[in-house]
Amino acid sequence: MNDKKDIFDKIMSLPLLNYWMEPYKKYKEILLYLFFGGLTSVVSIGSYAYCVLVGINPLIANIISWILAVTFAYVTNKIWVFQVEIHGKKELLQQMLGFYSGRLLTLGIEEVILLIFITKLGFNSLVVKIAAQVVVVISNYVISKCFVFKEKKE
């Protein structure tokens, strides 16, 4: 991981917050992933709710919200969470392809959850969307950590 102090390190150095510096350092990657995962969920759920509110089919709304959320997640995961250095456009494209492919897998899982619980069983659309996000966030972390943003062996 990068030794340079980022904005989160600087925030944690502030009085009162610096008391939590050791657990922060130990669990920084997971904490930042959960923080940005939460924000990604807000982007996903907010855009989904808006789309449904304006009359878009829930399954189409989910795809729109997915595109917005995954783009947000890629940028934040790349810059702040995993901080894996890449060299050149080829590596960048490979990383993006891996990220979006992993997210496509979890989109499929989420779509099945929405199809079953909203379309077939008649559950509340927003409640199902929120519950599905728990499955998606955990799955996405595993995919990102193990496959997309893993450190290259020198």
Side-chain angles (χ1 to χ4, degrees), residues 1-51 58-117 126-154:
M1 190 168 286
N2 197 341
D3 289 335
K4 184 180 171 197
K5 280 192 168 194
D6 61 28
I7 188 160
F8 299 100
D9 297 334
K10 291 174 184 175
I11 290 169
M12 290 305 296
S13 297
L14 294 172
L16 298 176
L17 291 179
N18 63 3
Y19 175 78
W20 299 100
M21 185 57 86
E22 286 307 310
Y24 165 76
K25 283 181 182 177
K26 186 175 180 179
Y27 301 108
K28 179 181 179 180
E29 182 180 276
I30 292 171
L31 291 170
L32 288 177
Y33 183 82
L34 290 173
F35 174 73
F36 286 113
L39 290 179
T40 299
S41 292
V42 169
V43 169
S44 180
I45 293 165
S47 58
Y48 174 82
Y50 175 78
C51 288
L59 296 176
I60 302 299
N62 191 53
I63 292 170
I64 293 168
S65 75
W66 179 87
I67 292 167
L68 296 172
V70 171
T71 301
F72 175 81
Y74 176 73
V75 171
T76 57
N77 278 238
K78 171 147 187 46
I79 294 172
W80 288 295
V81 178
F82 296 105
Q83 301 176 352
V84 174
E85 280 191 41
I86 55 170
H87 307 289
K89 290 178 185 174
K90 183 180 178 185
E91 279 189 31
L92 176 65
L93 291 174
Q94 287 174 330
Q95 187 182 69
M96 288 178 72
L97 180 63
F99 190 85
Y100 279 86
S101 295
R103 293 316 196 263
L104 273 172
L105 174 65
T106 58
L107 171 64
I109 293 167
E110 185 177 31
E111 285 286 295
V112 168
I113 292 169
L114 295 179
L115 178 67
I116 292 169
F117 287 96
L126 198 54
V127 171
V128 173
K129 175 69 175 173
I130 292 168
Q133 285 299 294
V134 174
V135 174
V136 168
V137 167
I138 292 168
S139 300
N140 286 340
Y141 179 78
V142 171
I143 291 167
S144 291
K145 179 72 176 169
C146 296
F147 301 106
V148 178
F149 294 109
K150 65 182 179 181
E151 291 282 345
K152 299 247 190 273
K153 301 222 181 340
E154 304 270 339

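These numbers were taken from a predicted model, which means no experiment stands behind them.
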Is the shortest heavy-atom distance from the side chain of [X] to the side chain of [Y] under 4.5 Å?
| X | Y | value |
| --- | --- | --- |
| Phe35 | Phe8 | yes |
| Asp9 | Lys28 | yes |
| Glu111 | Leu59 | yes |
| Tyr48 | Pro58 | yes |
| Ile116 | Val112 | yes |
| Leu107 | Asn62 | yes |
| Glu22 | Lys26 | no |
| Val70 | Phe99 | yes |

If you measure from [atom1] on [X] to [atom2] on [Y], what distance do you get to the nearest 0.5 Å?
| X | Y | atom1 | atom2 | value |
| --- | --- | --- | --- | --- |
| Tyr27 | Leu34 | OH | CG | 12.5 Å |
| Tyr100 | Ile67 | OH | CD1 | 9.0 Å |
| Leu32 | Ile79 | CG | CD1 | 12.5 Å |
| Phe149 | Tyr141 | CZ | OH | 12.0 Å |
| Leu97 | Leu93 | CG | CG | 8.5 Å |
| Asn77 | Gln83 | CG | CD | 11.0 Å |

Review point. In this structure, are over 12 heavy atoms from other groups packed under 6.0 Å from Ile7 atom CD1?
Key: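 No.
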Check your understanding: Is it the case that more than 12 heavy atoms not belonging to Phe147 sit under 6.0 Å from its CZ atom?
Key ->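 Incorrect, the count does not exceed 12.
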If you take all heavy atoms of [X] and [Y], which pair is closest and at what distance?
| X | Y | result |
| --- | --- | --- |
| Ile11 | Leu17 | O-CD1, 3.3 Å |
| Lys78 | Leu92 | CE-CD1, 3.9 Å |
| Pro23 | Leu31 | O-CD1, 4.4 Å |

Exercise for review: With side chain to side chain contact (heavy atoms under 4.5 Å, CB included) as the test, would you mind laying out the steps for Val148 and Ile143 before giving the verdict?
Suggested key: CA-CA 7 Å; Val148 178; Ile143 291 167; 4.3 Å; yes
Check your understanding: Would a distance-only check, ignoring hydrogens and angles, find a side-chain to backbone donor-acceptor pair under 3.5 Å from Asn18 to Pro15?
Key ->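 Answer holds: no.
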Point to revise | Results of side-chain contact (heavy atoms from CB on, under 4.5 Å) for Met21 - residues two or more places apart only | key: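 Met21: side-chain contact (heavy atoms from CB on, under 4.5 Å) contacts with Met12, Ser13, Tyr24, Lys25.
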Less than 3.5 Å apart, which donor and acceptor atoms pair up between the side chains of residues 37-45 and the rest of the protein, not counting sequence neighbours?
{"unit_1": "Thr40", "atom_1": "OG1", "unit_2": "Phe36", "atom_2": "O", "d": "2.7"}
{"unit_1": "Ser41", "atom_1": "OG", "unit_2": "Gly37", "atom_2": "O", "d": "3.1"}
{"unit_1": "Ser41", "atom_1": "OG", "unit_2": "Gln133", "atom_2": "OE1", "d": "3.2"}
{"unit_1": "Ser44", "atom_1": "OG", "unit_2": "Lys129", "atom_2": "NZ", "d": "3.0"}

Point to revise | Distance-only donor-acceptor check, side chains Thr76 and Tyr33, under 3.5 Å | key: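 Per modelled atom types, Thr76 and Tyr33 side chains form no pair under 3.5 Å.
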Practice item. Classify the side-chain pair Thr71/Arg103 by whether it contains a donor and acceptor separated by less than 3.5 Å. Key: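 Their side chains do not contain a donor-acceptor pair, so the 3.5 Å distance test is not met.
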Point to revise | Leu104 and Trp66: CA distance, side-chain angles, deciding distance, side chain to side chain contact (heavy atoms under 4.5 Å, CB included) verdict | key: CA-CA 9 Å; Leu104 273 172; Trp66 179 87; 3.8 Å; yes
Check your understanding: How would you list all residue pairs meeting salt bridge (charged side-chain N to carboxylate O under 4.0 Å, His left out) that involve residues 133-146, not counting sequence neighbours?
Key ->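 Of all non-adjacent pairs touching residues 133-146, those that pass salt bridge (charged side-chain N to carboxylate O under 4.0 Å, His left out) are Glu29-Lys145.
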